Amino acid sequence: MKVILSYGLGADSTAILTRWLSARSSRNFDLKDLIVVIAQTGDEHLETGHLVETHVFPLLAKHRIRTIQVARASNSQRDGIVTLDDTTEPTTCYIQGAYRLSDEMVEVATVPQTGGIRKCSLKAKGWPLDVLIAQLTGGEEFVHVVGFETDELTRMMRDMPLGLPGRIPSYPLIEWGWDREQCEWEIFDHFKVWWPKSACSFCPFALASAAGLARALPRYVANPYEAFKALTMEYLAVAANPRQGLIGGRQLYDALLDFEGGPGLLADFQEHLNCMPWAIYDVRRAFRASADDMMKAANAARSMTRVAAGDRADMVRLLDYMATHHLPSGARYEIGRHQRVWIHERNLYYPCPEQAFVTAPALAIDKANKSFDQAWEEALKGPSQLTFV
Ligand code: SF4
């Protein structure tokens, strides 16, 4: 029976590999039955890729373990997956992926959402691996090894009934009683490095806790490439919706302002933005009312359309001219980290429209929800003009 290890490039699954490959008694299968599968989101930390290439891949190559790296081909499942590598002698960790999660986020001017399930992970990791594993097993029984450790029993319980037909889940770290610290020591014993957290370099889940943020900020200051990727994504998302941000609705930009080395990094980031093509976007949101409470929004349909393009200075001047000479009655001009002309602002009562012209890097595509036109009509007729006595 095939034994398939989902290798997330982190300490947990790395520790499983080092133990299996160093202690024969730790496994009950032959290494020729083992396949290591990796889903590349396209946005993993450079450091992680370097460590995998330096320490893990040589070990896998030494034992001639089949190692397959895949990624999404596009934002549509219809386009399937791309095989980046399939070899028993892995050398390169293709962390650049194919269609990157960051491509998808930037195209629609948003950040991965932290409320509810990790949709980004299901799309960029879970789904490509399911497709690959289905191809490898053809519906036959297989052992699927996942690196949950002893602090992740809830995740293990949720994971157990999931997956493809024929899947027999296996959680070696929980069988061994290993927590993350023990995994890190196992790796340190072998490679003499402390394995960092693996994640997309902008992962909002990694920034959600104080400890996660404390780990991430020095990493950003030390690695402007990764910082600019995260900051650009956030900047664009906030331009489209001031309530966005990579730290649970708060902005990474603000956290870096108060961190040693952060202001210098942010000055360089502004220069980075200056070198990009820019646009003025017309961003509209049509809020529907909750069924039983007109002071609560049910959901919103959004439209984002590029109305002008050029360099940053031109776009700023153009919007400034519009705001100075053609500001409609009731509109508001806002200048700060973002430059906006608010045509409609969110109301206390729903349905209601929200509309702003905003300058931002020209990275988002024109896009509207299918239901937008109808929702917009309804929002414009909403109670925003009512006077409550
Ligand atoms: S690492 Fe974070 S951002 Fe990347 S796919 Fe996983 S949850 Fe989403």
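Every number for a ligand or one of its atoms is a count from 1 in the order of the listing. What you see is a predicted model, and the numbers here were worked out from it, not measured in a lab. We count residues from 1, following the sequence as given.
Annotation for ligand 1: atoms under 4.0 Å from non-hydrogen atoms of Phe205 are 7 (S). The ligand atoms of ligand 1 that sit less than 4.0 angstrom from a heavy atom of Lys125 are 1 (S), 6 (Fe).
Here the shortest heavy-atom distance to atom 1 (S) of ligand 1, taken over Ser102, Ser201, Cys200, belongs to Cys200. Considering Ser121, Gly126, Cys203 only, the shortest heavy-atom separation from atom 3 (S) of ligand 1 involves Cys203.
Dense packing is recorded around CD of Gln113, with more than 12 heavy atoms of other residues, nucleotides or ligands lying under 6.0 Å away. More than 12 heavy atoms of other residues, nucleotides or ligands sit less than 6.0 Å from atom NZ of Lys192.
Between Trp195 and Trp185, a ring centre-to-centre spacing not shorter than 6.0 Å is recorded.
Closest to atom 8 (Fe) of ligand 1 among all protein heavy atoms lies Cys120 SG, 2.3 Å.
The aromatic rings of Phe228 and Phe269 are tilted relative to each other, their planes meeting at an angle between 30° and 60°.
Contact of the His144 side chain with the Asp159 side chain is not registered, since no non-hydrogen atoms from C-beta on lie closer than 4.5 Å.
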